[in-house]
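Reading through the structure tokens given below for one structure.
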Amino acid sequence: MVPNVLTIAGTDPSGGAGVQADLKAFSAHGAYGMSVITALVAQTTTGVAEVHEVPPEFITAQLVTLLDDVRVDSVKIGMLANAEVIRAVVEVLDRYAPPHVVLDPVMVAKSGDRLLAPEAVGALRDELLPRVDLITPNLPEAADLLGEPELADVDGMPAQAERLAGLGAKQVLLKGGHLSGESSVDLLYGDGIAEFLTSERVVTTNDHGTGCTLSAAIAALRPQRPDWLTAVRESKDYLTEALRASERLDVGHGHGPVHHFHHWW
């Protein structure tokens, strides 16, 4: 059966990140995509101009209306903007208990614009993180969540992933894309086991929405795969090819999008 996968996130009118990217990644992996909007974001490949936050009670209304009707096999959570929105999502997760929940802790856009209020980091860490199955922070986000310096090399990744797991997440995918080197090294940690996952580092400026795309691909694949490791490996391979094929696109003047449908066109 085709899985129904829900994204809870903000928008990106340029189509490279946020809900738009999530829905593309769901479709690329054979999943039926659904969305609940947390924020309307005026952004392009060059940066964020303005954010209009959706009231928490309307986010709850979107979620409850959907989940009362549709079977949800997996959830990807992206931009949540503030603590009130985080708590609204937590309440719905507690009520409906979807089987697979992936959290991409969206804090800062590729342009450097902040997408999560600083005072909301504690709510995300203490209230939402313990309720998810997989969290996918990059190194700056991991440092922010833990209140410690950002890692400068891969050596510290296993210990940092273990500390993140200690906050409550069942699985941690710590992304090392901010490090230098010919390879992009991530670390999947769960059940006391750490596994490095290495892929080719694609040299391109078309990296807008890579975190959204990766986490969405994992959420789409997890109901179709036997474990998190398999879903993560396939999603990383997909993202590498999407980055490589991004040169076929001509979108904007800043950080362009990846090519979500590189398998077809």
Side-chain angles (χ1 to χ4, degrees), residues 3-29 31-45 48 50-56 58-67 70 72-93 96 98 100-111 113-117 120-121 123-124 127-129 131-138 141 173 175 208-222 235 239 257-258 260:
N4 298 327
V5 185
L6 168 65
T7 173
I8 306 171
T11 64
D12 174 14
S14 73
V19 165
Q20 286 88 337
D22 293 345
L23 292 173
K24 292 175 185 178
F26 293 166
S27 294
H29 290 90
Y32 179 80
M34 304 172 291
S35 62
V36 163
I37 307 300
T38 61
L40 304 174
V41 185
Q43 69 171 314
T44 64
T45 64
V48 176
E50 191 172 345
V51 176
H52 179 71
E53 297 174 359
V54 176
F58 188 69
I59 294 172
T60 299
Q62 291 181 78
L63 287 166
V64 169
T65 301
L66 173 66
L67 290 164
V70 180
V72 174
D73 300 301
S74 186
V75 177
K76 176 265 171 79
I77 301 173
M79 178 186 177
L80 296 178
N82 60 56
E84 290 73 23
V85 170
I86 291 170
R87 294 187 178 108
V89 171
V90 164
E91 289 177 6
V92 172
L93 291 178
Y96 291 92
H100 306 295
V101 181
V102 177
L103 171 62
D104 180 17
V106 177
M107 298 180 179
V108 180
K110 185 72 66 180
S111 58
D113 298 286
R114 191 157 189 101
L115 298 176
L116 179 69
V121 174
L124 187 144
E127 300 176 46
L128 179 57
L129 197 150
R131 290 170 166 84
V132 307
D133 299 292
L134 173 71
I135 183 171
T136 65
N138 57 33
E141 291 163 346
L173 178 63
K175 301 179 296 186
H208 179 53
T210 50
C212 301
T213 298
L214 179 64
S215 56
I218 295 169
L221 281 173
R222 181 60 186 90
S235 297
L239 181 59
V258 305
H260 294 88

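Excluded from the calculations below are hydrogen atoms, water molecules and symmetry mates; all remaining heavy atoms, backbone and side chain alike, are included.
- Nearest approach of Gly18 to Cys212, heavy atoms of both residues: N-SG, 3.4 Å.
- The closest side-chain donor-acceptor pair between Ser215 and Lys76 falls under 3.5 angstrom.
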**OP:** Output, in order, the C-alpha distance, side-chain angles, deciding distance and verdict of side chain to side chain contact (heavy atoms under 4.5 Å, CB included) for Glu91 and Leu93.
**Re:** CA-CA 6 Å; Glu91 289 177 6; Leu93 291 178; over 6 Å; no
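- Between atom CZ of residue Arg87 and atom CG of residue Leu128 there is a gap of 11.0 Å, rounded to the nearest 0.5 Å.
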Original post:
Does the side chain to side chain contact (heavy atoms under 4.5 Å, CB included) test come out yes or no for Val102 and Val132, once each step is laid out?
Top reply: CA-CA 6 Å; Val102 177; Val132 307; over 6 Å; no
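- Between Ile218 atom CD1 and Leu221 atom CG the span is 8.5 Å, to the nearest 0.5 Å.
- Pairing each heavy atom of Val64 with each of Tyr96, the nearest pair is CG1-OH, 3.5 Å.
- Summarising the geometry of Met34 relative to Val70, their closest heavy-atom pair is SD-CG1, 3.6 Å, with the distance given to 0.1 Å.
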**OP:** Decide yes or no on side chain to side chain contact (heavy atoms under 4.5 Å, CB included) for Leu67 and Val92, but give the supporting numbers first.
**Re:** CA-CA 9 Å; Leu67 290 164; Val92 172; 3.5 Å; yes
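- The side-chain heavy atoms of Val89 and Arg131, taken from C-beta on, include no pair separated by under 4.5 Å.
- Residue Asp73 comes nearest to Pro3 through the heavy atom pair OD2-CA, 3.3 Å, listed as atom of the first residue, atom of the second, then distance.
- Here the straight-line distance linking atom CG of Leu23 with atom OG of Ser35 works out to 5.0 Å at 0.5 Å rounding.
- For the atom pair OG of Ser14 and NE2 of His208, the computed distance is 4.0 Å after rounding to the nearest 0.5 Å.
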**OP:** Go through the steps for Thr38 and Val54 under the test side chain to side chain contact (heavy atoms under 4.5 Å, CB included), then give the verdict.
**Re:** CA-CA 5 Å; Thr38 61; Val54 176; 5.6 Å; no
